[in-house]
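Bear in mind that the values here come from a model prediction, so they are computed numbers and not experimental data. As the structure lists them, so they are numbered: ligands from 1, and atoms in each ligand from 1.
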Amino acid sequence: MRKIHVNASTEYDVLIGEGLIDKSGELTAKVVKPCRCLIVTDDTVDGLYGDRVQISFTYAGFETRRFAFPAGEASKNLSTLSDILNAMGAYGLSRSDLIVALGGGVVGDIAGFAAAIYTRGMRFVQIPTTLLAAVDSSVGGKTAVDMPFGKNMVGAFHQPRLVITDTDVLRDLPPLQLSNGAAEAVKCGVLNDPELFALLEGGDWLDRVDEVVARCVAYKRDVVAGDEFDTGNRALLNLGHTFGHAIEQLSGFTVLHGQAVGVGMVMAASAAGCPGAMIRRLSDCLRRNGLPVRCDYDAPALARAALSDKKRAGANITLVLPVRIGSCCLKKVPVTELPAWFERALAAQEALKL
Ligand code: GLY
């Protein structure tokens, strides 16, 4: 088992290894004295792992209950949040009890937010069951729900007490879910880790998924330690997100987050004027991992969609631009220049015949 220590306002470990789902209660009991715990999950994950996690927590001495909501991004809203809070209240949870977020990014974000606001903040443990949640959203304490006016617009920074990633669960994921998470792993490679990028561009890395997750988490740990509340360099983690967010939005969210981030990274590299060979290398790596690399929307529509991004600060927007594989920079640009950045990205896509 690998252990990565996160040094944020709350310190915690991220545990990565085989068979951890069935030890999740025992592992949690080492950092949280057994108490009442509500396992929050979605109906898909509940059917796969709900019983095993509940048995593990019960066996470790926790008093347990489960709450499952319908799977999917459409559930990440105030209505589901209210249902979770009511389930917590009905169970009689107090601040010294525990929430266990068992699932992908939607579950982690909404259960984490419920833990952040119930009794003004209670402890929670993340058990990510998707690659995307394992390499990104389960670490760093961002919790939120979507609002009609934007994704993740209402939330809180609230760090978990422990993150438990079972690599057997990740190996069992369907290909679409794996590629969705692989995009965020490629992102870490482009941002900081050429060796990780090389591992991912080789394709068959599933038997080394523990290393992939550990490298991503170690990088994220360092970024979060330097900028927990996202006022500076944490923005680097948004590589591919401004361009990708626009694609997600224009697709009516039928394009998955990871797929959009993949295309968004290619667009960011193209708009930044990176050499064609590097853009091709990035595109090949994404394709090898089952991800699309082409954008078929036009620049004005993309710019309009991107401007509804909450990361926009007034008249400027911060773009994350690749410099080379393993290094990126932040660039604040006036929003009026955004259409030209999209034009450049689309022109490079045609020139390189992506
Ligand atoms: N997922 C980006 C961040 O945690 O800041």
Side-chain contact test, heavy atoms from C-beta onward, threshold under 4.5 Å: evaluate it for Asp166 versus Leu170 and give yes or no.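 The answer is no; the side chains never approach within 4.5 Å.
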
Heavy atoms, side chains only, cut-off 4.5 Å: are Val163 and Pro128 in contact?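 Side chain of Val163 against side chain of Pro128, heavy atoms only: contact under 4.5 Å found.
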
If you measure only the distance, is there a donor-acceptor pair under 3.5 Å linking the side chains of Asp227 and Thr231?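 Yes - a donor-acceptor pair under 3.5 Å links their side chains.
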
Polar contact flag, side-chain donor to acceptor under 3.5 angstrom, His257-His241: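 Short answer, yes.
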
Any Glu184 heavy atom less than 4.0 Å from ligand 1: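 False for this residue.
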
Is Asp136 in contact with ligand 1, taking contact as a heavy-atom separation below 4.0 Å?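 It does, in that a heavy atom of Asp136 comes within the 4.0 Å cut-off of ligand 1.
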
Do the rings of Phe124 and His158 sit parallel, tilted or perpendicular, given the 30° and 60° boundaries?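 Phe124 and His158: parallel rings.
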
So is there a nitrogen or oxygen of Asn238 less than 3.5 Å from a nitrogen or oxygen in ligand 1?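 N/O-N/O distance below 3.5 Å does not exist for this pair.
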
May I ask you to check whether Arg234 has an N/O atom sitting below 3.5 Å from an N/O atom of ligand 1?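 Indeed, backbone or side chain, Arg234 has an N or O that close.
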
Of all the atoms in ligand 1, which lie at a distance below 4.0 Å from a heavy atom belonging to Leu237?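 Atoms satisfying the 4.0 Å criterion: 2 (C), 3 (C), 5 (O).
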
